[in-house]
Participant: 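Before anything else, here's the structure in question.
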Amino acid sequence: PAYSDELISLNGGFDRLAELAEAAQYEVLFSNMWYDEDAGDDSPGRVLAEAVSALYANLEANPDQYPRGITVRILLGNPPEVAKGEFTGQIWHVLNDLRNAGLPEMRNEALGWSVEVADFEGTMPHSHIKSMIVDGKTAVAAGFNMSYDHFDADHPSGLGNGRFDLGIQVTGPVAQDARQMFDDLWQGSNRIHCRDFYPNLIPWETTCIPNEATNDHAPEVLKYYLTQDDTTAFSMYRTEARDEADQQIIAAFASAEETIDAIQVNFTTEMICDLNILYDQVCTDDHLLPYMEAMMDAAQNNGTQIRILIKGAPIDGVESGVHLDVLKLSLIHI
């Protein structure tokens with residue numbers, strides 16, 4: 001409340017995602033790395049699943065308002081399951097949430113309804129992307145997983161950990177780059193379709209079959225949506241063949257005239273600098289990465305104030321702290 005007119009809601013940013021999804025006219029594309037199993041009808045995934053179920057009900061009650069029907073795609077990042085020392089089965093968590101939220105079916109051609117759920121094709125590396133793109137015109141880039149950890153510590157589930165993270169929502173032409181990013185991740189991913197969520201004599205899981213995910217979109221979703229605002233947003237979408245985003249970061253930092261405020265989970269230089277944990281000065285400012293050098297250029301050339309907020313938890317915090325020390329020593333020498 002000290003920083004925004006937004007009202008506090010029970011589930012924080014997860015409620016915002018649900019509201020955005022439920023307002024879709026054509027399509028919802030959602031990706032997340034980690035998706036917790038629901039413990040008591042109160043998980044972040046359940047919040048999203050209820051929005052999907054409500055969207056189905058809206059389509060069924062008002063089909064004329066959805067001339068192309070509705071497509072919902074949910075992509076899991078497929079991180080290595082050893083990350084928690086157990087098998088996660090995240091894709092089944094999603095399907096369970098959809099069932100428990102009352103979604104009647106995954107596909108109904110007469111209504112134009114389709115829900116698709118898939119795992120990213122790789123595990124090493126996995127997909128770290130957390131995003132939502134609605135109707136090709138509004139996009140969310142987020143840092144938070146579908147995890148109880150991100151609930152407030154006093155959340156009714158009793159499983160909240162107050163973990164702080166951010167998401168940014170933008171509307172306009174830049175959303176088309178976000179859609180293309182999702183399509184790149186989605187194409188060829190490992191999709192599961194369940195023909196019947198509520199069979200009479202057999203477990204519902206036996207009706208689920210794997211297949212390969214493919215891309216298709218309603219024509220309206222592929223259009224650039226123009227807003228009435230004059231604000232500017234830069235796409236950070238990148239591939240091996242399209243690395244402009246790398247240069248954007250360097251140019252933005254180097255051109256800063258007054259301040260740079262950065263929030264990072266991993267603030268690192270070259271990997272060899274991790275040895276500084278055990279030995280003194282294994283690496284120096286010769287090992288700084290280009291984005292750090294750009295920060296130093298701003299400080300040296302423009303007198304820019306730099307503030308960096310990092311994750312303080314074990315492992316990530318230790319590693320980032322080492323690399324921050326290298327940067328600070330380099331700044332002292334300016």
Side-chain angles (χ1 to χ4, degrees), residues 2-3 13 32-34 77 79-80 82-85 123-131 141-145 147 149-150 152-153 160-168 234-240 243-334:
Y3 303 101
N32 206 263
M33 182 188 73
W34 198 273
V82 294
K84 277 193 171 182
T123 53
M124 297 291 285
H126 60 279
S127 170
H128 203 269
I129 300 297
K130 307 165 188 73
S131 67
F144 48 87
N145 289 300
S147 166
D149 272 354
H150 291 290
D152 285 341
N161 195 30
R163 179 175 290 182
F164 172 81
D165 219 319
L166 299 173
I168 183 170
F234 292 96
S235 166
M236 303 304 293
Y237 169 58
R238 77 175 305 281
T239 68
E240 288 185 356
D243 64 353
E244 292 89 345
D246 298 347
Q247 305 308 315
Q248 285 177 21
I249 295 172
I250 296 169
F253 283 162
S255 65
E257 297 180 352
E258 296 182 5
T259 61
I260 295 175
D261 295 330
I263 301 176
Q264 291 289 331
V265 171
N266 299 106
F267 189 88
T268 57
T269 57
E270 293 183 8
M271 191 174 295
I272 192 175
C273 293
D274 286 348
L275 291 175
N276 276 24
I277 298 173
L278 303 174
Y279 307 101
D280 290 336
Q281 297 183 339
V282 172
C283 76
T284 65
D285 52 12
D286 291 335
H287 297 88
L288 294 180
L289 296 180
Y291 76 95
M292 291 181 171
E293 293 174 341
M295 286 182 171
M296 292 182 60
D297 288 343
Q300 186 171 17
N301 299 331
N302 306 330
T304 304
Q305 176 187 350
I306 300 174
R307 300 192 300 177
I308 301 167
L309 183 63
I310 65 170
K311 181 180 177 182
I315 307 302
D316 290 328
V318 170
E319 184 179 35
S320 295
V322 167
H323 299 276
L324 273 176
D325 286 341
V326 174
L327 177 63
K328 285 188 289 185
L329 286 173
S330 301
L331 289 171
I332 290 172
H333 295 153
I334 291 179

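Scope of the values below: all heavy atoms of this structure, side chains included, with no hydrogens, waters or symmetry mates.
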Participant: Should Asn145 and Lys130 count as side-chain neighbours, where that means a heavy-atom distance under 4.5 Å?
Facilitator: yes
Participant: Give a yes or no answer on whether the side chain of Thr269 reaches the backbone of Leu288 with a donor-acceptor pair at less than 3.5 Å.
Facilitator: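 No.
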Participant: Rounded to the nearest 0.5 Å, what separation is found between the CD1 atom of Ile263 and the CZ atom of Phe164?
Facilitator: 5.5 Å
Participant: When rounded to the nearest 0.5 angstrom, what is the spacing between OG1 in Thr304 and CD1 in Ile260?
Facilitator: 5.5 Å
Participant: Are the side chains of Asp165 and His150 in touch, meaning some heavy atoms are under 4.5 Å apart?
Facilitator: yes
Participant: With a sphere of 6.0 Å drawn around CG of Leu278, does it hold more than 12 non-hydrogen atoms of other residues, nucleotides or ligands?
Facilitator: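 Enclosed: over 12 neighbouring heavy atoms sit under 6.0 Å from CG of Leu278.
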Participant: Do you know the tightest heavy-atom contact between Ala262 and Met295?
Facilitator: CB-CE, 4.2 Å
Participant: Nearest 0.5 angstrom please: Met296 CE to Tyr291 OH, how far?
Facilitator: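 Separation between the atoms: 13.0 Å.
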Participant: Would you say that Met292 contacts Phe267 through its side chain, given a criterion of any heavy-atom pair below 4.5 Å between the two side chains?
Facilitator: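 Sidechains of Phe267 and Met292: in contact.
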Participant: Measuring only between side-chain heavy atoms, which start at C-beta, is Met33 closer than 4.5 Å to Ile129?
Facilitator: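 They are not in contact (no side-chain heavy atoms under 4.5 Å apart), so the answer is no.
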Participant: For Phe144, does its backbone N or O pair with a side-chain atom of Asn32 as donor and acceptor, under 3.5 Å?
Facilitator: yes
Participant: Do you know which two heavy atoms are closest between Val322 and Cys273, and how far apart they sit?
Facilitator: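 Taking every non-hydrogen atom into account, CG1-O, 3.3 Å.
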Participant: Are the side chains of Arg307 and Thr259 in touch, meaning some heavy atoms are under 4.5 Å apart?
Facilitator: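 The answer is no; the side chains never approach within 4.5 Å.
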Participant: In residues 246-257, what donor-acceptor pairs under 3.5 Å come from side-chain atoms, sequence neighbours left out?
Facilitator:
| from | atom 1 | to | atom 2 | distance (Å) |
| --- | --- | --- | --- | --- |
| Asp246 | OD1 | Arg238 | NE | 2.9 |
| Asp246 | OD2 | Arg238 | NE | 3.3 |
| Asp246 | OD2 | Arg238 | NH2 | 2.8 |
| Gln248 | NE2 | Ser235 | O | 3.3 |
| Ser255 | OG | Ala251 | O | 3.0 |
| Ser255 | OG | Ala252 | O | 3.1 |

Participant: My understanding is that only residues two or more places apart in sequence, or in another chain, count here; which of them pass side-chain hydrogen bond (donor to acceptor under 3.5 Å, both in side chains) with Asp274?
Facilitator: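 side-chain hydrogen bond (donor to acceptor under 3.5 Å, both in side chains) list for Asp274, sorted by chain: His323.
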Participant: Nearest 0.5 angstrom please: Leu289 CG to Glu270 CD, how far?
Facilitator: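 Output value for this atom pair is 6.0 Å.
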Participant: Is a donor on one side and an acceptor on the other found under 3.5 Å between the side chain of Asn276 and the backbone of Val282?
Facilitator: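 It does hold such a pair.
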